[in-house]
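One structure is given below, encoded as C-alpha cells.
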Amino acid sequence: MEEFDLNALLSSNEKMLIRLLQSYAISNNIVICVLDNNSLVVKTVGDTSGNEFLPLLNEKFNLSNIQSHKLLYHIEYADRSIMISEVDQIVGKVATIFPVGGNSKDNVSIYKELKLHSMFLKNMIENIAQLMIENTGVDKFIIKYQLKVEDIIDGLDENEATALQQLSNLSTSNEAIISAIEFIDNNLDKRLTLDQVAKSVYLSDFYFSKLFKKETKLSFSVYLNARKIQQAMLLLKETDLSINEVSKRLGFRRMSYFSQTFKKYTGFAPSRFRNKKN
C-alpha cells in the first residue's frame, strides 16, 4: 500500500517550500499550520510567541482539539484540502492564525483575511508540489507500506452477525467517510473495491482503510457486505425478485456466495428469511 508523504514534500529541495511559507508568514504577521488529514500538525511556521497556545503547535499537535475555540484563537482554514493531482489524493489542509492582540481589526475582517491567506497558501503548495514532482518524479514523495499481519487481522476480527446492528448505530462527522458511505450506497449494484472507494474521496487506500475502521468500527469489507445484505433483506421482503436476481442486483458474482454471505450476516438462508413471518 502507498501513501503520499506530505512531510517529505515540505522538506525536499533544501526546504524551499518551508522557506517560502516562513517568508509569507513573517510578511503577513500570521502563523501557518500545515496539517495532515487527521488535523495533526505536520509543520508550523511564523512567530508563535503572540498567543498562549501557539507554542504548543509542535509536530503531531491535534488542531481539531481547539476547533470549538476558533474565535478565541483567530484560526481559519482553507475551504478545500490540499490535493496532489499527480496521485489524485487529498494529503492535508492549511490553517492560518493571527496572533491574538496583534491585530486591531474586527473579527469579520480578520477571518476574511485569514480565509484568503489559507486559500492562497493551499494553491501555492499544490502548484509547487506539481513542479517538484515534475522535476524529481513522484516516487520521492511516496511511502510504501508492507501489509502487516495485524492489518489483515483487523479486517477479520469482526462478527458479521453483529454488523447489521452496528450499521443502525453508526455515527461519524468525518466528511471523507460520509462521502464514502454515500458513494457505497449509490453503487451497491457494483463490485466495489477499497481502492475504488478510497479514490472517490481522494485518499490513499492505506489511509482510507485505517480511517474507515476508526470512524465506523467496521472494516471496509464487512461494512460493504453488511450494506448489501441490508438491501437484500428489503428486496427479499418487498419485491418478487428471485434470489438469483437479488444476488445479481447487488453485484455478487455467484448466488452461492450471496447465500453464504447472507447467512453469515443474518443467521438465515435467503429463502428461509423470505418465508419467515415477522
### Query
Cation-pi between Lys237 and Phe273: NZ/CZ under 6.0 Å from ring centre and within 45° of the ring axis?
yes
Heavy atoms only: give me the nearest [X]-[Y] pair and the separation to one decimal.
X: Phe212; Y: Leu218; result: CD2-O, 3.5 Å
X: Leu241; Y: Glu245; result: CA-OE1, 3.4 Å
X: Tyr207; Y: Asn37; result: OH-CB, 3.2 Å
X: Thr44; Y: Val41; result: OG1-CG1, 3.2 Å
X: Glu113; Y: Phe98; result: OE1-CZ, 3.7 Å
X: Val222; Y: Ala163; result: CG1-CB, 3.8 Å

Could you tell me if the side chain of [Y] sits less than 4.5 Å from the side chain of [X], heavy atoms only?
X: Leu21; Y: Met124; answer: yes
X: Ile84; Y: Tyr202; answer: no
X: Arg274; Y: Phe268; answer: no

### Task
Apply side-chain hydrogen bond (donor to acceptor under 3.5 Å, both in side chains) to Glu86 and list each qualifying residue two or more places apart in sequence or on a separate chain.
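Here no residue qualifies.
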### Query
Checking Lys217 side chain against Lys214 main chain: does a donor-acceptor pair fall under 3.5 Å?
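Confirmed, Lys217 side chain pairs with Lys214 backbone.
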### Task
Please confirm whether the backbone N or O of Glu182 pairs with a side-chain atom of Asn186, one donor and one acceptor, at under 3.5 Å?
yes
### Query
Does one side chain, of Ser118 or Lys93, offer a donor that lies under 3.5 Å from an acceptor on the other?
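The answer is no; no qualifying pair exists.
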### Task
Decide whether Arg227 and Gln230 meet the rule of one side-chain donor and one side-chain acceptor closer than 3.5 Å.
yes
### Message
Asp240: which residues meet the side chain to side chain contact (heavy atoms under 4.5 Å, CB included) condition with it, sequence neighbours left out?
### Response
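Expected list: none.
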### Query
Residues two or more places apart in sequence or in another chain: which of them pass salt bridge (charged side-chain N to carboxylate O under 4.0 Å, His left out) with Glu126?
Lys122
### Message
Over 60° means perpendicular and under 30° means parallel, so tell me whether Tyr24 and Phe120 are parallel, tilted or perpendicular.
### Response
parallel
